[in-house]
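From a predicted model like this one, the values you see are computed outputs, not experimental measurements.
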Amino acid sequence: MSGSNTGADQDHRWSAKVTRESDALDLEEGVFTKEDPADIAASLKRSAERSQRRKSDPYRSAMSMLTFHINRAGSNLSDPQRATLEAAKHELRRLFHKA
């Protein structure tokens, strides 16, 4: 069937579009591929604080985008990258004084 997409392909494109075109944040290119959790958290914090379109406070917007990425990437994340992203959650809490 030409032009047919599997559900997985559609899900992948949908989640990539949300990450790219979120109403909440304009993300720095490659933010989720950084190796340093502090860099990821700082980038998300900057994006959330600069956003004029977000619908909740900067902390919630940043944490929601990070959690969304972790959940959508699922088993495609390597163990080290998942650990980095989970550590970035802790760093976000620290940066926003939520620790």
Side-chain angles (χ1 to χ4, degrees):
M1 248 161 90
S2 178
S4 177
N5 295 317
T6 67
D9 287 342
Q10 290 171 343
D11 286 346
H12 176 72
R13 280 197 303 269
W14 172 83
S15 61
K17 181 177 179 182
V18 167
T19 301
R20 270 192 327 272
E21 301 174 10
S22 166
D23 277 341
L25 305 178
D26 291 322
L27 299 175
E28 176 186 335
E29 181 86 22
V31 62
F32 297 118
T33 60
K34 294 177 179 287
E35 295 181 6
D36 184 351
D39 289 345
I40 295 168
S43 177
L44 288 169
K45 184 176 191 283
R46 279 190 305 274
S47 295
E49 289 176 338
R50 290 178 183 161
S51 176
Q52 300 298 309
R53 299 174 297 162
R54 64 181 158 71
K55 295 178 182 169
S56 61
D57 66 89
Y59 170 72
R60 282 184 69 170
S61 293
M63 188 62 78
S64 292
M65 188 57 75
L66 179 54
T67 301
F68 173 80
H69 178 75
I70 292 168
N71 290 342
R72 293 307 300 174
S75 61
N76 293 327
L77 283 177
S78 67
D79 288 341
Q81 186 63 21
R82 180 177 300 279
T84 297
L85 295 172
E86 290 294 337
K89 284 184 177 182
H90 296 291
E91 184 63 18
L92 257 182
R93 289 183 193 104
R94 189 189 70 73
L95 290 174
F96 280 103
H97 308 289
K98 303 284 187 182

Exercise for review: Measure the shortest side-chain to side-chain distance between Lys55 and Arg60 over non-hydrogen atoms and say whether it is less than 4.5 angstrom.
Suggested key: no
Applying salt bridge (charged side-chain N to carboxylate O under 4.0 Å, His left out) to Glu28 and not counting sequence neighbours gives Lys34, Arg46
Taking every heavy atom of Asp26 against every heavy atom of Ser47, the minimum-distance pair comes out as O-OG, 3.1 Å
In terms of heavy-atom contacts, Pro37 and Ala88 come closest through CB-N, 3.6 Å
message = Is there a path of hydrophobic side-chain contacts, each under 4.5 Å between heavy atoms, that joins Ile40 and Leu95?
response = no
Review point. Got more than 12 heavy atoms from elsewhere within 6.0 Å of CG, Asn71?
Key: yes
Could you label the plane-to-plane angle of the Tyr59 and Phe96 rings as parallel, tilted or perpendicular, counting under 30° as parallel and over 60° as perpendicular? perpendicular
Is a donor on one side and an acceptor on the other found under 3.5 Å between the side chain of Thr84 and the backbone of Pro80?
yes
Are the side chains of Leu44 and Leu27 in touch, meaning some heavy atoms are under 4.5 Å apart? yes
Separation between CD (Gln81) and NE2 (His69), nearest 0.5 Å, reads 6.5 Å
(message) Any side-chain to backbone donor/acceptor pair from Arg82 onto Gly74? Under 3.5 Å, distance only.
(response) yes
CZ (Arg93) and NE2 (His90) are apart, to the nearest 0.5 Å, by 5.5 Å
- Do Ile70 and Glu86 come close enough that some side-chain heavy atom pair is under 4.5 Å? yes
Contact check, side chains of Lys89 and Leu66, non-hydrogen atoms, under 4.5 Å: yes
